[in-house]
Structure formats: structure tokens, C-alpha cells
Amino acid sequence: DKDTHYAKTMRKFCDSENELGKMLKGKPLHLVNDLINASDEIVAITSIENFKLGFRLGVQMIAIVLSSMIVYLRIYRRLL
């Protein structure tokens, strides 16, 4: 299927935005545009925060593994 879910959703969003642009003028159109822009900003902020959380978790996991490896290597060297 050539049309991804993202492409279909984006087309639906753009079509709806164009229809509203034709129906609304002045302040109502401005309010709708403000709403869309605020929504976009919320999504961007949320995405960045989720990336930061995932990155920190990944770094913590790597640190735990590396510190565990160091402990095991020290124990192994003592056994030799």
C-alpha cells in the first residue's frame, strides 16, 4: 500500500484546514490557526521531552552494564 497511515492522516488534516480556511474569515480563522500552531508546538515539546527521557534511560542502562562489567573483570582478575 503506497499510502501510509501518516500520508492519509496528513492529507485529511490539510483538506480539513483548507475547508476551514474557505469557511472562516477574520477572528475565527485566526483562532483556528492559533489552535493549530499551539497543537503543533505541544507535539514538538512532547516529542523532545520523550526523546530526552529515552536518551537518559539508555545512558543509565549503558552505565549500569559498564560498571557491572568492571566489577566482574576485577573479580575475574583476582581469581587468576
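Excluded from the calculations below are hydrogen atoms, water molecules and symmetry mates; all remaining heavy atoms, backbone and side chain alike, are included.
- Both Leu24 and Phe13 are members of a single hydrophobic cluster when ILVMFWY side chains are connected at heavy-atom separations under 4.5 Å.
- A distance of 4.5 Å separates CG in Asn33 from CG in Leu29, rounded to the nearest 0.5 Å.
- Within the 3.5 Å criterion, the main-chain N or O of Lys12 finds a donor-acceptor partner in the side chain of Ser16.
- Under the side chain to side chain donor-acceptor pair (under 3.5 Å) criterion, Glu41 pairs with no residue at all, not counting sequence neighbours.
- Residue pairs meeting the salt bridge (Lys or Arg N to Asp or Glu O under 4.0 Å) criterion with at least one member in residues 13-24, sequence neighbours excluded: Glu19-Lys22.
- Taking CG from Asp40 and CG from Leu35, the interatomic distance works out to 9.5 Å, rounded to the nearest 0.5 Å.
- Using a 4.5 Å cut-off between side-chain heavy atoms of Ile, Leu, Val, Met, Phe, Trp and Tyr, with links allowed through other members, Leu20 and Leu31 fall into different hydrophobic clusters.
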For a quick test of your reading: what N or O donor-acceptor pairs under 3.5 Å do the side chains of residues 55-80 make, sequence neighbours left out?
{"unit_1": "Ser67", "atom_1": "OG", "unit_2": "Ala63", "atom_2": "O", "d": "3.1"}
{"unit_1": "Ser67", "atom_1": "OG", "unit_2": "Ile64", "atom_2": "O", "d": "3.0"}
{"unit_1": "Ser68", "atom_1": "OG", "unit_2": "Ile64", "atom_2": "O", "d": "2.9"}

